[in-house]
Amino acid sequence: MKFMLNGALTIGTMDGANVEMAEEAGAENLFIFGLRVEDVEALDRKGYNAREYYDRLPELKQAVDQISSGFFSPKEPDCFKDVVNMLMHHDRFKVFADYEAYVQCQAQVDQLYRNPKGWTKKVIRNIACSGKFSSDRTITEYAREIWGVEPSDLQIPPPNIPRD
C-alpha cells in the first residue's frame, strides 16, 4: 500500500492487501495473477504437489536447480537449501502453482512499461485511488476501532521550540 501511494504498480495474487487495493483502484490498475480462493480450495482437495510443477515446467526446474546447487551463492552453496526444501515439500502458499500465471503477468508488465503514456496513466490512477491507505486515516481508524480512544487535535510543539 505504501508503494501504491508512491506510484508503484503492484504485481501480485488476489489476496491480503491486494484485495483492498483492487477495490480502491480497480483490479485493472494492478497486475493480478494466480490462484483465487476457490482455486486454492480445489487444489487443497486435489492435493498440491510441487514436484508436478517442477517436473512439468523446464524454466521453473532450471531456476530451482540453480538455487539449490549454489549457482547464485557459490561461496555458500547450501545457503538456499532450506528455501528449496520448503518450496518442494512444505509450501503452504503453493508458489509453484502460480508460476506460469506470474510469468504471463510479468509479460503484461513488460508490455505496458514500454508504453510510457499507458504506464503513467495507470500510475496516476493508483496514486489517486490510494488515499484510503494514508497513515492518518489508518491511525484514526485504529484509535477508534481497536484502541477505543478518540484522536486528539492537541498540537505538540516541535522539539526545537521551548515549552512553558
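Every heavy atom of this structure was used, including side-chain atoms; hydrogens, water molecules and symmetry mates were not.
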* To do: Rounded to the nearest 0.5 Å, what's the gap from OG1 on T138 to OH on Y142? Could you check?
  => 7.0 Å
* Under 3.5 Å, is there a donor-acceptor pair between the Y54 and D65 side chains? -> yes
* Can you tell if the side chain of V64 reaches within under 4.5 Å of the side chain of L87, non-hydrogen atoms only? -> no
* Just wondering, are more than 12 heavy atoms of other shown residues or ligands nearer than 6.0 Å to CD in E59? -> no
* Heavy atoms of other groups near Y113 OH, more than 12 under 6.0 Å -> no
* Does atom CG of N160 have more than 12 heavy-atom neighbours, drawn from other residues, nucleotides or ligands, at distances under 6.0 Å? -> yes
* To do: Treating Ile, Leu, Val, Met, Phe, Trp and Tyr as nodes and any side-chain heavy-atom pair under 4.5 angstrom as an edge, say whether L9 and F3 lie in one connected cluster.
  => no
* Donor on one side chain, acceptor on other, E100 and Y53, under 3.5 Å -> no
* Asked: Say you draw a straight line from CD1 of I11 to CD of Q108; how long is it, rounded to the nearest 0.5 Å?
  -> 8.0 Å
* To do: Work out which heavy atom in S130 is nearest to a heavy atom in L5; give both atom names and the distance.
  => OG-CD2, 3.2 Å
* Asked: Is it true that R56 and E52 make a salt bridge, defined as a side-chain N closer than 4.0 Å to a carboxylate O?
  -> no
* Asked: CD1 of I161 to CD1 of I156: how many Å apart, nearest 0.5 Å?
  -> 12.5 Å
* Of all heavy-atom pairs between D91 and V95, which one has the smallest distance, and what is that distance? -> OD2-N, 2.6 Å
* Asked: Is there side-chain contact between F93 and D98, with heavy atoms separated by less than 4.5 Å?
  -> no
* Measure across A101 and G34 and return the closest heavy-atom pair with its distance rounded to 0.1 Å. => CB-N, 3.6 Å
* Would a 4.5 Å heavy-atom cut-off, applied to side chains only, mark E41 and V37 as touching? -> yes
* Establish whether I67 and M88 are linked, either directly or via other cluster members, by ILVMFWY side-chain heavy-atom contacts under 4.5 Å. => yes
* Among F96, F31, F33, whose ring pair (Phe, Tyr, Trp, His ring centres under 6.0 Å) with Y102 holds? -> F33
* Indicate if I127 and I124 have the same hydrophobic cluster label, given that clusters are the connected sets of ILVMFWY residues with side-chain heavy-atom separations under 4.5 angstrom. => no
* For Q111, does the CD atom have more than 12 heavy-atom neighbours from other residues, nucleotides or ligands under 6.0 Å away? -> no
* **Nearest-0.5 Å distance that lies between atom CG in L57 and atom CD in Q62** => 12.5 Å
* To do: Identify whether I139 and M4 are in the same connected component of the hydrophobic contact network (ILVMFWY, side-chain heavy atoms under 4.5 Å).
  => no
* Under the side chain to side chain contact (heavy atoms under 4.5 Å, CB included) test, residues paired with R36 that sit two or more places apart -> M14, I32, E38, D39
* To do: Would you mind listing every salt bridge (Lys or Arg N to Asp or Glu O under 4.0 Å) that reaches into residues 109-130, with sequence neighbours excluded?
  => none
* **Heavy atoms of other groups near I146 CD1, more than 12 under 6.0 Å** => yes
* **Nearest non-hydrogen partners of L30 and N18, listed with the distance** => CD2-O, 4.1 Å
* Asked: So how far is it from N49 CG to H89 NE2, rounded to the nearest 0.5 Å?
  -> 9.5 Å
* To do: Of all the heavy-atom pairs spanning L35 and A97, show the shortest one and how long it is.
  => CD1-CB, 3.8 Å
* Asked: Could you give the distance from CG (N6) to CG (N126), rounded to the nearest 0.5 Å?
  -> 11.5 Å
* Pairwise salt bridge (Lys or Arg N to Asp or Glu O under 4.0 Å) hits with a residue in residues 1-24, at least two apart -> E20-K132, E24-K132
* For the student: nearest non-hydrogen atoms of E28 and A25, plus distance -> OE2-O, 4.1 Å
* To do: Would you indicate whether E76, at its atom CD, is surrounded by more than 12 heavy atoms from other residues, nucleotides or ligands within a distance under 6.0 Å?
  => no
* Would a 4.5 Å heavy-atom cut-off, applied to side chains only, mark Y99 and V103 as touching? -> yes
